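Since this is a predicted model, take the numbers as computed values, not measurements.
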Amino acid sequence: MIAARHLALAAGALALLGGIAMRGADAQSAPVPSVTAGQVSAGQAAYARNCAACHGADLTGAGPAVALKGAAFQAKWRGKSAAELLDAIARMPPGQEDSVTSAERVEMLALLLQANGAPMGDRPLPSERAALERLPIGGPASGTGPKPVVIPPREGPSRLDAVRPVTAAELRDPPPEDWLMWRRTYDVSGTSPLGQITAKNAGKLRLAWSWSLPAGGNMMTPIVRDGVVYTYSFGDIVEVLDGATGNLLWRFQRTLDPGFTPQGKKGVALAGDLVLVPTSDLHLIALNARTGAVVWDHKIANTDPKQQIKSAPLIAGDRVVIGLNGFADVKGGNFVAAFDLKSGAEQWRFHTIARPGEPGGDSWNGLPLEQRSGGSVWVSPSYDPVSDRVYFGVAPTYDGNALRKTPDQPGVTNDALYTNSTVALEAATGKLAWYYQHQANDQIDHDWTFERTLLTLPFEGRQRRVVMTAGKSAVFDLLDAQTGEYLASMDMGLQNVFTAIDPETGAKTVNPLAVPAFDQKLVRLGVPGICPDLLGARNLMSTAVNPRSGRMYVPLTDTCVHPFPKGERWQLRPDPDSADKWGMVRAIDPATRRVIWTTRTAAAPVSGALATASDVVFLGFADRSFRAFDGRNGRELWQAGLDNAPTSYPVSYAADGKQFVAVATSEGFVHAQAMRQVAQITAPPAAGATLFVFALP
């Protein structure tokens with residue numbers, strides 16, 4: 001899900017079109033609309049050129065780009081005219097509006113109407129605005145409440161019989177065979193202590209079993225306890241599988257409240273006997289881990305239907321912590337909240353957009369709260385049980401034009417807190433412990449919203465507990481976890497936006513050509529232009545840290561594209577030996593901030609990194625491959641071709657004494673789709689969604 005401003009604006013414009021169908025029995029004066037097959041076909045071609053990279057080839061949405069069919073926006077658009085929807089189409093793609101002709105806009109409108117219920121006939125959808133103004137919009141609402149749990153017939157003992165409650169001590173130090181949370185450990189290491197699979201035998205890995213998933217943006221992390229795998233798929237579907245055989249143990253699907261459509265999420269969490277599930281209609285529900293029965297269901301209060309939950313829940317003591325994301329029309333921005341583990345009752349809420357009159361509230365150039373937007377939280381926090389603090393990143397604003405004006409009030413800045421910041425909160429109260437803003441007033445969406453890795457490193461002669469993170473620029477900042485003090489930075493060399501970094505404060509000097517003037521479009525940095533593009537040199541492809549070797553494994557993308565997403569592409573620093581190799585995997589030493597090795601690939605990595613105790617590193621790529629690398633030198637050990645890109649977070653676990661590696665595929669988030677396009681990778685026409693599980697023979 002990335003918080004890309006241009007994509008978010010596209011989402012905001014095109015999202016208005018999602019979930020629409022024409023009313024056939026409305027006012028007698030309103031004609032019943034229809035579209036022709038020719039219009040729909042032409043609309044599909046125009047959509048593929050201009051929209052599919054952000055919203056998915058089948059209109060179901062990907063990452064931060066919302067679905068363009070379904071019920072999510074019916075409540076807002078019911079009763080309005082097709083002309084208003086055409087106006088919304090005319091505002092996209094942001095910054096490239098002139099690339100779409102008026103005829104193509106009507107054709108795309110026909111495509112979206114037909115995909116959402118308009119009949120196909122011989123009478124074309126009119127192109128005249130006056131005629132479109134007479135066509136009203138409507139559509140059915142979805143039902144409410146959970147669907148019944150599906151439990152297959154049992155033949156003999158079930159692995160569920162032996163599933164033990166997850167204790168707080170085990171969350172702090174998980175058993176080697178389990179994967180109990182998003183990145184396995186509170187410090188988000190993404191590393192398994194299992195070591196059966198080694199550099200010597202990884203080439204023998206074979207498919208152990210697979211499970212077909214619902215089509216859509218599956219970004220899941222399989223969660224594993226005692227050999228039982230808990231999956232969370234597109235469609236708000238929890239499926240629980242036997243980790244050794246892949247057999248279904250139980251299945252739960254939520255029916256969403258009216259006005260909501262499914263969104264991809266990164267997974268669930270386990271605590272005690274509960275499975276904690278964030279839903280697309282902004283509920284947090286707890287299911288019984290053995291039966292799937294609903295234990296409690298809490299509707300998150302004071303939310304906007306346009307907000308989403310992309311991150312997995314974090315269990316911090318006796319509470320569940322979740323962050324929300326939302327686009328430019330979510331007035332006042334987003335938040336992180338904590339909920340009681342026993343009841344779901346909300347305990348505290350921290351707004352990621354500073355409120356007027358509160359600390360940081362004077363950093364928005366005097367804008368009233370309803371004109372402040374963004375501050376999305378796309379990624380689960382990390383947690384330190386010793387200090388009882390949570391650490392998370394905040395995305396930029398989506399509407400930065402007003403922040404380009406020079407402040408003219410004493411004490412007022414345009415830094416836009418807490419965007420692009422690391423925020424540390426007291427987990428018990430939600431009180432702000434400290435914040436550090438990595439990049440103030442970000443106008444090019446190089447946001448710093450990804451994982452916050454907790455490390456203990458030597459620094460200036462003593463051991464320091466450190467928070468390490470990077471934004472899309474692939475510049476890593478190191479902060480003191482206790483105080484938020486800036487320590488150091490490490491630039492991966494894939495950006496040309498920051499011309500200097502202050503060694504004392506970490507303040508970044510931005511090339512002025514990378515910041516548009518008020519009411520002006522962005523001026524590219526000449527040739528080659530702004531690097532990286534808005535997809536970033538890094539994105540939702542999280543890093544992994546092997547605590548035994550001390551190495552951090554970083555998935556990267558070495559590409560710049562203009563205009564996005566279908567323009568010319570290039571590397572920032574072309575090298576004949578790496579021509580057309582847009583992907584990059586690096587091993588770095590966080591203690592010395594040195595690169596140990598770099599492996600380049602033609603396709604960009606699109607999954608999180610998975611490391612193991614034996615220093616085997618797994619990654620998924622845009623060309624549908626899932627690969628293993630030797631963590632000591634970057635040598636490729638093995639790869640498998642999958643049915644779609646593995647745009648998710650692979651895990652390793654053990655069942656019956658055997659080590660498995662699992663990864664989910666799907667159409668994924670926008671980064672994978674765009675990287676296929678810029679690297680000229682063709683996806684299968686019927687690309688699927690599957691959980692693949694590999695093991696040694």
(request) Kindly say whether the aromatic ring centers of Trp638 and Phe629 come within a distance under 6.0 Å. (result) no
(request) Return yes if some donor-acceptor pair links the side-chain N/O of Glu451 with the main-chain N/O of Thr543 below 3.5 Å, else return no. (result) yes
(request) Please check if atom NZ in Lys299 has more than 12 non-hydrogen atoms from other residues, nucleotides or ligands closer than 6.0 Å. (result) yes
(message) Using side-chain heavy atoms (C-beta onward) and a distance below 4.5 Å, is Phe252 in contact with Ile285?
(response) yes
(request) Identify whether the distance between the nearest side-chain nitrogen and carboxylate oxygen of Lys658 and Asp656 falls below 4.0 Å. (result) no
(request) Verify, without hydrogens or angle tests, whether Arg184 (side chain) and Asp178 (backbone) share a donor-acceptor contact under 3.5 angstrom. (result) yes
(message) Any donor-acceptor pair under 3.5 Å linking the side-chain atoms of Asp236 with those of Gln253?
(response) no
(request) Go through the steps to decide whether Lys265 and Ser280 satisfy the test side-chain hydrogen bond (donor to acceptor under 3.5 Å, both in side chains), and finish with yes or no. (result) CA-CA 9 Å; Lys265 285 170 282 294; Ser280 297; 2.7 Å; yes
(message) So does Asn288 get a backbone contact from the side chain of Asp273, meaning a donor-acceptor N/O pair under 3.5 Å?
(response) no
(request) Identify the two heavy atoms, one from Phe626 and one from Leu619, that lie closest to each other, and give their separation to 0.1 Å. (result) CD1-O, 3.4 Å
(request) Please test Lys431 against Glu426 for salt bridge (charged side-chain N to carboxylate O under 4.0 Å, His left out), starting from the C-alpha separation and ending with a verdict. (result) CA-CA 5 Å; Lys431 180 181 178 181; Glu426 307 293 351; over 6 Å; no
(request) Using the side chain to side chain contact (heavy atoms under 4.5 Å, CB included) rule, take Leu248 and Val240 through it: C-alpha gap first, then chi angles, then the decisive distance, then the call. (result) CA-CA 6 Å; Leu248 179 67; Val240 180; 5.7 Å; no
(message) Under a 3.5 Å distance rule, please check whether Trp179 uses its side chain to pair with a backbone N or O of Val229 as donor and acceptor.
(response) no
(message) Among residues at least two apart in sequence or on other chains, which ones pass salt bridge (Lys or Arg N to Asp or Glu O under 4.0 Å) with Asp161?
(response) Arg154
(request) Using the salt bridge (charged side-chain N to carboxylate O under 4.0 Å, His left out) rule, take Arg389 and Asp384 through it: C-alpha gap first, then chi angles, then the decisive distance, then the call. (result) CA-CA 5 Å; Arg389 286 181 179 172; Asp384 184 352; over 6 Å; no
(message) If we ignore hydrogens and angles and just use 3.5 Å, is the side chain of Ser380 paired with the main-chain N or O of Ala312 as donor and acceptor?
(response) yes
(request) Answer with yes or no whether the side chains of Tyr232 and Thr221 bring together a donor and an acceptor at under 3.5 Å. (result) no
(request) To the nearest 0.5 angstrom, please state how far the CE atom of Met552 sits from the CG atom of Asn546. (result) 11.5 Å
(message) I want to check something: taking the side chain as every heavy atom from C-beta on, are Val275 and Leu270 in contact at a cut-off of under 4.5 Å?
(response) yes
(message) Quick check: Phe350 with Tyr418 (ring centres under 6.0 Å apart)?
(response) yes
(request) Determine, step by step, whether Asn334 and Thr352 satisfy the side-chain hydrogen bond (donor to acceptor under 3.5 Å, both in side chains) criterion, reporting the C-alpha distance in whole Å, the side-chain angles of both residues, the deciding distance to 0.1 Å, and the verdict. (result) CA-CA 6 Å; Asn334 297 284; Thr352 54; 5.3 Å; no
(message) Just so I know, are the side chains of Val663 and Tyr649 near enough to count as touching, which here means a heavy-atom distance under 4.5 Å?
(response) no
(message) To the nearest 0.5 Å, what is the distance between CE on Met219 and OG on Ser233?
(response) 12.0 Å
(message) Restricting to non-hydrogen atoms, name the atom on Gly471 and the atom on Arg538 that form the minimum distance, rounded to 0.1 Å.
(response) O-CG, 2.9 Å
(request) First locate atom CZ of Arg290, then atom CZ of Arg164, and finally report the distance between them rounded to the nearest 0.5 Å. (result) 10.5 Å
(request) Determine yes or no for a side-chain-to-main-chain donor-acceptor pair under 3.5 angstrom, with Tyr230 supplying the side chain and Leu241 the backbone. (result) no
(request) May I have the step-by-step check of side chain to side chain contact (heavy atoms under 4.5 Å, CB included) for Val394 and Trp448, ending in yes or no? (result) CA-CA 6 Å; Val394 183; Trp448 297 69; over 6 Å; no
(request) Would you please say whether a donor-acceptor pair under 3.5 Å links the side chains of Ser542 and Arg183? (result) yes
(message) For a 4.5 angstrom cut-off between non-hydrogen side-chain atoms, does Leu425 reach Trp348?
(response) yes
(message) Could you go through Arg225 and Glu177, starting from their C-alpha distance and side-chain angles, then the distance that decides it, and tell me whether this counts as salt bridge (charged side-chain N to carboxylate O under 4.0 Å, His left out)?
(response) CA-CA 8 Å; Arg225 173 62 163 172; Glu177 64 272 14; 6.0 Å; no
(request) Any chance you could lay out the side chain to side chain contact (heavy atoms under 4.5 Å, CB included) test for Arg627 and Phe618, step after step, and finish with the verdict? (result) CA-CA 6 Å; Arg627 310 186 196 187; Phe618 293 88; over 6 Å; no
(message) Could you check whether any side-chain heavy atom of Leu205 comes within less than 4.5 Å of a side-chain heavy atom of Ile197, counting everything from C-beta outward?
(response) yes
(message) What's the separation between atom OG1 in Thr191 and atom CZ in Arg551, rounded to the nearest 0.5 Å?
(response) 13.0 Å
(message) Taking side-chain contact (heavy atoms from CB on, under 4.5 Å) as the criterion, tell me which of Val379, Thr422, Val423 meets it with Arg452.
(response) Thr422
(request) Looking only at non-hydrogen atoms, find the nearest pair between Trp250 and Leu287 and report the distance. (result) CH2-CD1, 4.0 Å
(message) Is there a side-chain contact between Leu341 and Val320 in this structure, where contact means two heavy atoms from C-beta onward sitting under 4.5 Å apart?
(response) yes
(message) For a 4.5 angstrom cut-off between non-hydrogen side-chain atoms, does Phe260 reach Thr279?
(response) no
(request) Show your reasoning for whether side-chain hydrogen bond (donor to acceptor under 3.5 Å, both in side chains) applies to Tyr398 and Ser376. (result) CA-CA 10 Å; Tyr398 297 124; Ser376 288; 2.9 Å; yes
(message) Could you report the tightest heavy-atom contact between Gln196 and Leu696, atom names first, then the distance?
(response) O-CD1, 3.8 Å
(request) Output the distance between atom CD1 (Ile309) and atom CD1 (Ile300), rounded to the nearest 0.5 Å. (result) 4.0 Å
(message) Test side-chain hydrogen bond (donor to acceptor under 3.5 Å, both in side chains) on His283 and Asp257; report intermediate values, then the result.
(response) CA-CA 10 Å; His283 287 241; Asp257 291 342; 2.9 Å; yes
(request) Assess the side chains of Asn644 and Ser666: does a donor N or O sit below 3.5 Å from an acceptor N or O? (result) no
(request) Verify whether one side chain among Tyr553 and Asp615 offers a donor that lies under 3.5 Å from an acceptor in the other. (result) yes
(request) Provide the closest heavy-atom pair for Pro278 versus Ser311 in the form atom of the first, atom of the second, distance. (result) CG-O, 4.1 Å
(request) Check the pair Ile322, Leu314 against side chain to side chain contact (heavy atoms under 4.5 Å, CB included), reporting the backbone distance first and the verdict last. (result) CA-CA 7 Å; Ile322 293 181; Leu314 169 76; over 6 Å; no
(message) For a salt bridge (charged side-chain N to carboxylate O under 4.0 Å, His left out) check, start with the C-alpha distance between Lys342 and Asp340, then their side-chain angles and the critical distance, and finish with the verdict.
(response) CA-CA 6 Å; Lys342 294 181 180 179; Asp340 182 78; over 6 Å; no
(request) Verify the distance criterion only: is there a donor paired with an acceptor across the side chains of Asp447 and Thr449 at less than 3.5 Å? (result) no
(request) Can you see which heavy atom on Phe660 is nearest to which on Ala695, and at what distance? (result) CD2-CB, 3.7 Å
(request) To the nearest 0.5 Å, tell me how far Thr690 OG1 sits from Leu642 CG. (result) 8.5 Å
